[in-house]
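Whatever order the structure lists them in is the order used to number ligands and atoms, beginning at 1.
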Amino acid sequence: MQTGKPMLRVLSGESVWPPPAWLMRQAGRYLPEYRELRAQAGDFIALCTNPALAAEVTLQPLRRYGFDAAILFSDILMVPWALGQPLRFAEGEGPLLEPIRDAVAVAKLDPTVVAARAAPIMETVSRLRGALDRDFPSTALIGFAGSPFTVACYMVDGRGGGEFPATRLLAHRDPVLFAQLIAVLEASTVAYLEAQVDAGAEILQLFDSWAGVLPPDGFARWVVEPTARIVAALRASRPHVPIIGFPRMSGASLPAYAVRTGVQGVSMDTSMDPAWAAGAVPASIAVQGNLDPLAVVAGGAALEAGTRRVLQALRGRPAIFNLGHGIVPQTPPDHVARLMEIVRADGK
Ligand code: 1CP
């Protein structure tokens, strides 16, 4: 019998079956206990910077479902927040930031202040690590950040929405300035993730949710290269911590992304055929994914068949069961319980 946390075994290249499982956005609005605590906290940034409450919401889904990983409750936009960019989360609208579009605004960003301003988040990580060691000894703690390109999308456009026209235009019109912004984000991300590791994170995930909006040369320059430099810096400074990359909607570029960035795991989005990816990504790199979050909302036959299809594709190689994107607020909590039963019973 091999020992150790299943998530860490898989990310060191071992095949573990049934695969370890966790769900992106596993803490959040689909859980009544989250909604209650969120109402107490007031605004979302107050929740992310309150170590007692942020640790509590991280643990809520573990108590219900016993996932193999806990993911720090925070947001990818806490890096722009720590850089001093004005940010608020408007009810029903998502994040709103004061857009950064010129050299003066980029020059004001100072990556050396990020780790210190993010101190409350590091306090959450260290509380979580203590709680897991005590109550969930086989659950691994995931720290995370957005990748530079995806974070830049919000910083330049100032809001979500999925198209990010101002960001894409800036990258075409003024690649020198855009490269400066990406460089600030690379340095900030490395410092921010190193601080999470020092506080107790055991795995790091880089979310590149909007990687798929770029043309191929942009994908190489703004997604693959910055991620490769971040991974190289972290492998040098914190060599024991595996990294999972999530280049969402990267299609056929996923295997090349996995190899060129040097990540230990790669997360597949909903549109990807997991059987194809399981064969195309080298077996030394774990694949993670990729049930459609809407199949969990639907439940019934869609949930049963979808979960089995993903499990079948993952069998026989290092793999982590997850969704293809975050769980959505209208997900019935019992459907998540059923999902975990199917995974734990090896698809039976
Ligand atoms: O009112 C609320 O409760 C706010 C909703 C919410 C939550 C629960 C937001 C605002 N962020 C989060 C938490 C969060 N975000 C986590 C930790 C929770 C967990 O996973 O258990 C994580 C890892 C994220 C990461 C995140 N934030 C991403 C990358 C993953 C993805 O979903 O693609 C992105 C793109 C964001 C930006 C963001 N923050 C919040 C919203 C609504 C959005 C998306 C905005 C948009 O549509 O563009």
Side-chain angles (χ1 to χ4, degrees), residues 22-50 53-65 67 69-81 87-97 121 124-125 128 139 141-165 167 189 192-193 196 201 203-213 244-250 267-270 288-290 293 322-331 336:
W22 67 282
L23 306 182
M24 288 190 261
R25 298 279 183 107
Q26 64 193 21
R29 284 172 293 180
Y30 76 107
L31 292 177
E33 59 270 36
Y34 171 82
R35 292 195 298 268
E36 195 176 307
L37 208 137
R38 168 85 171 74
Q40 275 173 40
D43 77 295
F44 182 70
I45 294 172
L47 176 55
C48 291
T49 53
N50 180 322
L53 296 184
E56 172 57 23
V57 294
T58 306
L59 296 170
Q60 285 172 344
L62 299 187
R63 297 195 192 105
R64 278 180 182 255
Y65 308 114
F67 294 124
I71 182 160
L72 165 69
F73 189 86
S74 182
D75 196 84
I76 64 164
L77 299 173
M78 295 311 285
V79 166
W81 172 83
L87 162 70
R88 67 192 177 85
F89 286 86
E91 200 60 55
E93 262 194 285
L96 295 173
L97 301 91
I121 296 170
T124 307
V125 174
L128 280 170
T139 302
L141 181 55
I142 303 178
F144 75 91
S147 293
F149 176 70
T150 285
V151 175
C153 281
Y154 290 94
M155 292 177 80
V156 175
D157 268 83
R159 58 193 313 131
E163 288 295 328
F164 304 103
T167 308
T189 304
Y192 180 68
L193 291 175
Q196 291 185 43
I203 296 168
L204 298 171
Q205 176 148 328
L206 281 165
F207 287 94
D208 221 335
S209 305
W210 304 110
V213 303
I244 303 172
F246 180 35
R248 196 166 76 89
M249 307 298 279
S250 58
S267 207
M268 303 174 283
D269 65 71
T270 305
Q288 171 173 278
N290 71 338
N322 206 315
L323 304 180
H325 200 193
I327 197 164
V328 296
Q330 67 268 36
T331 306
V336 178

Contact region, Glu91 to ligand 1, non-hydrogen atoms below 4.0 Å, reads neither
Of Phe89, Tyr34, Phe73, the one whose closest heavy atom lies nearest atom 3 (O) of ligand 1 is Tyr34
Note to self: Regarding Arg88 and Glu93, does a basic nitrogen lie under 4.0 Å from an acidic carboxylate oxygen?
What the structure shows: no
closest protein heavy atom to atom 11 (N) of ligand 1 is Asp75 OD1, 2.6 Å
Requested in this report: Verify whether the ring centers belonging to Phe246 and Phe144 lie closer than 6.0 Å.
Outcome: no
Here the atoms of ligand 1 under 4.0 Å from any heavy atom belonging to Gly161 are 48 (O)
message: Is there a polar contact between ligand 1 and Leu77, counting only N or O atoms under 3.5 Å apart?
response: no
*Once the angle between the rings of Tyr65 and Tyr30 is folded into 0 to 90°, is it parallel (under 30°), tilted (30 to 60°) or perpendicular (over 60°)?*
parallel
the protein heavy atom lying closest to atom 48 (O) of ligand 1 turns out to be Tyr154 OH, 2.5 Å
Under 4.0 Å between heavy atoms, the region of Ser74 that gets near ligand 1 turns out to be backbone
Quiz prompt | Residues Glu33 and Arg64 bridged, charged N to O under 4.0 Å | solution = yes
Contact region, Phe246 to ligand 1, non-hydrogen atoms below 4.0 Å, reads neither
Under 4.0 Å between heavy atoms, the region of His325 that gets near ligand 1 turns out to be side chain
Contact region, Arg248 to ligand 1, non-hydrogen atoms below 4.0 Å, reads neither
If we number the atoms of ligand 1 from 1 as shown, the ones under 4.0 Å from a heavy atom of Ser209 are 29 (C), 30 (C), 31 (C), 33 (O), 35 (C)
